[in-house]
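Counting starts at 1 for both ligands and their atoms, in listed order. None of the values given here were measured: they were computed from a predicted structure.
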Amino acid sequence: MDHEPVRATDPAVADALEAEVDRQRDTLAMIASENHVSRAVMSAQGSALTNKYAEGYPGERYYAGCEQADVVEELAIERAKQLWGAEHVNVQPHSGTQANMGVYLAMLDPGDRILSLELTHGGHLSHGHPANFTGQVYDVEQYQVDPETGYVDYEGLADTAAEFDPDMIVSGYSAYPREVEWERIQEVADTVDAYHLSDIAHITGLVAAGVHPSPVGISDFVTGSTHKTIRAGRGGIVMCDEEYADAVDNAVFPGAQGGPAMHSVAGKAVGFREALEPEFVDYAEQVVENARALAESFRERGLTLVSGGTDTHLVLADLRDSHPDLTGGTAEEHLADADIVLNANTVPGETRSPFDPSGIRAGTAALTTRGMGESAVREVGDLIADVVDAAAEERTDTVVPEVRARIDDLTDEYPLYDGGGGTVFE
Ligand SMILES: *Cc1c(COP(=O)(O)O)cnc(C)c1O
């Protein structure tokens with residue numbers, strides 16, 4: 001990775017940047033929201049467009065000199081339309097949260113009612129948590145997953161909607177391993193005359209590749225992050241029908257943001273271009289196959305999975321049955337020692353603190369980018385179970401170094417950013 005210009009002027013930051021590349025090479029990134037972008041996406045993100053103010057939209061900017069900004073943003077929009085089939089796309093949100101902010105600001109007034117999934121059941125902070133602006137500006141009620149099945153409680157959602165009469169229903173989640181039935185939620189939204197926002201932040205890539213049903217054309221608004229399964233670098237996106245285009249565009253800028261991060265928009269354009277290649281469908285299918293393999297290995301080792309398995313890129317293990325005295329946080333720590341980086345996560349019916357919850361969440365998007373298939377991922381699942389068992393039995397002193405040595409071999413076998421080429425696959 002070329003950090004030479006940084007090294008010449010700022011060795012402290014260059015050291016950290018290089019150490020971060022090494023960290024990503026030498027560990028398994030299993031935080032379900034993470035992935036590794038190509039060198040091409042990184043190069044676009046590190047481009048001179050970071051210097052350019054391009055307030056406004058292509059063809060109607062507030063400042064001169066936006067010719068190339070227009071080219072890049074139009075390409076990002078066109079490619080997004082091809083990937084997801086939306087009528088209108090805004091690629092300027094700085095992140096998924098800003099994309100959601102754009103939709104709320106476009107359609108709601110302060111005090112309006114939002115119905116969304118509880119955070120501990122898989123929802124997101126930007127869906128109405130009190131620590132987020134959404135919980136402070138809007139009146140929020142929440143629905144849940146069925147405690148028995150781990151699937152969204154669609155009937156409970158309909159009942160709560162009938163009572164609460166929301167102005168907007170939010171679907172799409174952060175820690176939900178199953179396919180979302182967008183139509184069912186849309187029917188509820190129709191019944192109570194609410195807008196429907198589907199936040200596909202985690203599954204943008206799976207939806208683009210057709211391996212998860214798409215809410216585009218069903219829900220009024222679809223938002224996403226661009227750095228998760230779609231692998232297009234950090235940022236956000238809003239999609240909607242033409243009738244809401246002006247409202248959304250005005251809400252994103254000038255409503256919620258100033259100038260767009262045009263270097264990030266360039267990263268999105270390049271990442272979307274990569275995702276239009278037929279290989280991306282293979283990638284997305286493999287991500288899901290790998291998650292199923294991971295779920296299988298966890299089940300074989302006696303771990304309880306929320307919803308019993310997965311249809312997506314992630315699995316969520318509830319440790320309370322199998323390892324009643326082990327918290328997710330302790331498991332996360334020992335796994336990090338073994339060079340497996342995932343996160344402790346709340347589970348439905350959480351009985352511990354969100355700071356040290358009862359579950360662990362693991363995703364396969366980044367491992368699949370490195371080229372791993374089911375057999376490698378199944379082995380990783382076993383290694384995770386080895387560490388979890390050892391953590392519960394206080395045997396980590398011997399087990400963690402063994403697992404770390406095996407991860408060292410695996411990360412060599414599936415290299416990342418090696419070879420000096422243009423993509424992560426070399
Ligand atoms: C990741 C995520 C977001 C956006 O997060 P940012 O960090 O702001 O990009 C929004 N919604 C859901 C459901 C997410 O999982």
Side-chain angles (χ1 to χ4, degrees), residues 29-35 37 41 45 80 84 90-105 114-129 131-135 138 140 142-145 152 168-180 182 185 196-207 212 214-215 219 221-239 251-252 256-257 260-261 264-265 267-268 271 287 291 306 310 312-316 342-346 348 354 359 361-366:
M30 298 189 74
I31 293 173
S33 48
E34 294 186 2
N35 208 334
V37 299
V41 169
Q45 287 190 312
W84 290 286
N90 186 310
V91 292
Q92 292 193 5
H94 300 327
S95 79
T97 296
Q98 268 60 53
N100 289 341
M101 186 179 212
V103 172
Y104 300 137
L105 204 53
I114 293 177
L115 175 60
S116 60
L117 185 71
E118 237 178 78
L119 186 69
T120 56
H121 287 228
H124 190 258
L125 286 166
S126 66
H127 296 178
H129 192 274
N132 182 264
F133 79 94
T134 46
Y138 305 110
V140 179
Q142 305 220 277
Y143 59 96
Q144 301 183 326
V145 300
V152 167
M168 184 172 289
I169 299 179
V170 183
S171 60
Y173 316 108
S174 292
Y176 186 68
R178 293 302 184 174
E179 275 182 14
V180 184
W182 311 115
I185 301 178
H196 181 191
L197 162 61
S198 294
D199 176 353
I200 60 169
H202 264 259
I203 55 172
T204 42
L206 307 185
V207 170
H212 185 293
S214 175
S219 313
F221 305 94
V222 177
T223 55
S225 301
T226 52
H227 44 275
K228 299 182 185 176
T229 48
I230 191 64
R231 233 168 32 183
R234 201 150 288 273
I237 186 171
V238 182
M239 299 179 255
V252 171
Q257 297 185 173
S264 285
V265 173
K268 293 171 196 180
V287 166
V306 173
T310 183
T312 66
H313 62 302
L314 71 84
V315 299
L316 183 58
L342 49 64
N343 66 289
N345 213 96
T346 52
R361 185 186 69 157
T364 53

Could you measure the distance from the OG atom of S116 to the NE2 atom of H129? Nearest 0.5 Å is fine. 10.5 Å
Heavy-atom side-chain contact between P177 and V315 under 4.5 Å: no
Rounded distance (nearest 0.5 Å) linking atom OG1 of T312 with atom CZ of R178: 8.5 Å
Contacts for ligand 1, heavy atom under 4.0 Å, by chain and number, are S95, G96, T97, H124, H127, Y173, S174, D199, A201, H202, S225, H227, K228
H124 side, atom NE2; S33 side, atom OG - distance, nearest 0.5 Å: 8.5 Å
To the nearest 0.5 Å, what is the distance between CE (M239) and OG1 (T204)? 8.0 Å
Please identify which of these residues, K228, H202, H212, meets the side chain to side chain contact (heavy atoms under 4.5 Å, CB included) condition with H313. H202
